[in-house]
Structure formats: structure tokens, C-alpha cells
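One structure is given here, and the rest of the page talks about it.
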Amino acid sequence: MLLDNTLVLSEEQTVTSTAASTNIVDQQAEGNAHTHAGFMVRVDQDFAGATSVKISLQTAETSNFSSSKELFSASFAVADLKAGKTLVKAVLPAGMLRYLRGYYTVTGTGTAGKLSMFITEMVDL
């Protein structure tokens with residue numbers, strides 16, 4: 001699998017409380033055209049403490065995401081969030097606006113857990 005650093009939304013991001021991904025993707029930036037692309041979410045460290053995590057892919061017209069829409073979301077019980085597990089492997093959905101980011105909604109009090117989210121070629125999906 002080929003990864004482009006400009007298409008990494010989270011890289012081993014600690015997710016113990018609700019937060020947006022570390023990075024955003026500007027689809028109008030040079031080199032960020034996505035044709036036949038998908039996105040993946042991988043667990044990099046076992047989760048503990050929380051009860052569940054909702055993983056979302058959001059899009060917006062502005063980089064501050066003041067008015068965003070959710071393109072994808074799925075919730076996972078902490079018992080399923082084990083290091084090395086791929087949680088999501090999906091084609092980028094229709095309806096994308098200029099900016100993309102990940103968003104993690106943690107239920108409970110998280111004490112450990114890391115995720116990576118990135119856009120990649122569909123060939124690897």
C-alpha cells in the first residue's frame with residue numbers, strides 16, 4: 001500500500017477523548033486529486049477505559065469545519081479496538097466537499113488507544 005503524507009488524517013493519534021483528526025485534507029491542494037480512492041482506519045494501540053468509539057469521516061467547504069457533514073460513521077465497542085485491527089476499508093463516499101477530516105467520538109473515560117486514518121488507492125481496499 002502506498003501512503004501519501006498529505007492524505008494522512010491521523011497517524012497513531014491518541015484517542016482517549018472526543019476529538020478531530022490531527023490533520024485535514026484540502027482536496028484542492030496540488031496533488032490531492034482523488035480518483036478511485038478509499039479510506040482506511042487502523043487501530044495502532046489497544047483501547048482501554050472507554051466503552052465505545054464512533055469513527056466519522058467529515059467534509060466541509062471551509063477548513064474550520066464550522067458547517068460540516070458526515071460522510072461515513074461507525075461505532076465500535078472498546079473490546080473490538082485491538083492493535084493491528086483494520087476497522088474501516090471503504091471507498092470514499094459521494095458528496096465530498098473541499099475539506100476532509102476524521103472525527104472520533106469517545107463514550108466513557110478513555111485511558112488508552114491510538115488510531116490511524118488515511119486515504120489510499122482503491123487497489124488496496
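Numbers here are sequence positions counted from 1.
Scanning for side-chain contact (heavy atoms from CB on, under 4.5 Å) contacts around S66 gives T62, N64, with sequence neighbours left out. Contacts of T107 classified as side-chain contact (heavy atoms from CB on, under 4.5 Å), with partners at least two apart in sequence or in another chain: T51, S52. Checked against ring pair (Phe, Tyr, Trp, His ring centres under 6.0 Å), F72 has the following partners two or more places apart in sequence or in another chain: F39. Partners of T111 according to the side-chain contact (heavy atoms from CB on, under 4.5 Å) rule, which considers only residues two or more places apart in sequence or in another chain, are A48. Residues passing the side-chain hydrogen bond (donor to acceptor under 3.5 Å, both in side chains) test with T18: none are found, sequence neighbours excluded. Partners of Q58 according to the side-chain hydrogen bond (donor to acceptor under 3.5 Å, both in side chains) rule, which considers only residues two or more places apart in sequence or in another chain, are R101. Partners of T14 under the side-chain hydrogen bond (donor to acceptor under 3.5 Å, both in side chains) rule, at least two apart in sequence or in another chain, do not exist in this structure. Residues passing the side-chain hydrogen bond (donor to acceptor under 3.5 Å, both in side chains) test with S10 are Q13, Y104, sequence neighbours excluded. For the side-chain contact (heavy atoms from CB on, under 4.5 Å) test, residues two or more places apart in sequence or in another chain that qualify with L87 are V41, V43, I55, F76, L81, K85, L115.
Identified under the salt bridge (Lys or Arg N to Asp or Glu O under 4.0 Å) test for residues 53-77, with sequence neighbours left out: K54-E70.
Counting Ile, Leu, Val, Met, Phe, Trp and Tyr side chains that sit under 4.5 Å apart, directly or through other members, I24 shares a hydrophobic cluster with F65, Y99.
Here L100 contributes atom CG and L92 contributes atom CG; the two are 6.5 Å apart, rounded to the nearest 0.5 Å.
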Verdict with reasoning, V25 to I119, per side chain to side chain contact (heavy atoms under 4.5 Å, CB included)
CA-CA 9 Å; V25 170; I119 296 169; 4.2 Å; yes
Evaluate M40 against M117 for side chain to side chain contact (heavy atoms under 4.5 Å, CB included), listing each step before the verdict.
CA-CA 6 Å; M40 293 181 68; M117 181 188 288; over 6 Å; no
Give the intermediate values and the outcome of side chain to side chain contact (heavy atoms under 4.5 Å, CB included) for residues T105 and V53.
CA-CA 6 Å; T105 305; V53 177; over 6 Å; no
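A salt bridge links D44 to R42: at least one charged side-chain nitrogen sits closer than 4.0 Å to a carboxylate oxygen.
Both V106 and L9 sit in one connected hydrophobic cluster of ILVMFWY residues. Membership requires side-chain heavy atoms under 4.5 Å apart, directly or through other members.
Inter-residue side-chain proximity for P93 and L57 is flagged as met; some heavy-atom pair is nearer than 4.5 Å.
Nearest heavy-atom pair across Q28 and D26 is N-OD1, 2.9 Å.
A donor-acceptor contact shorter than 3.5 Å links the side chain of D46 to the backbone of A83.
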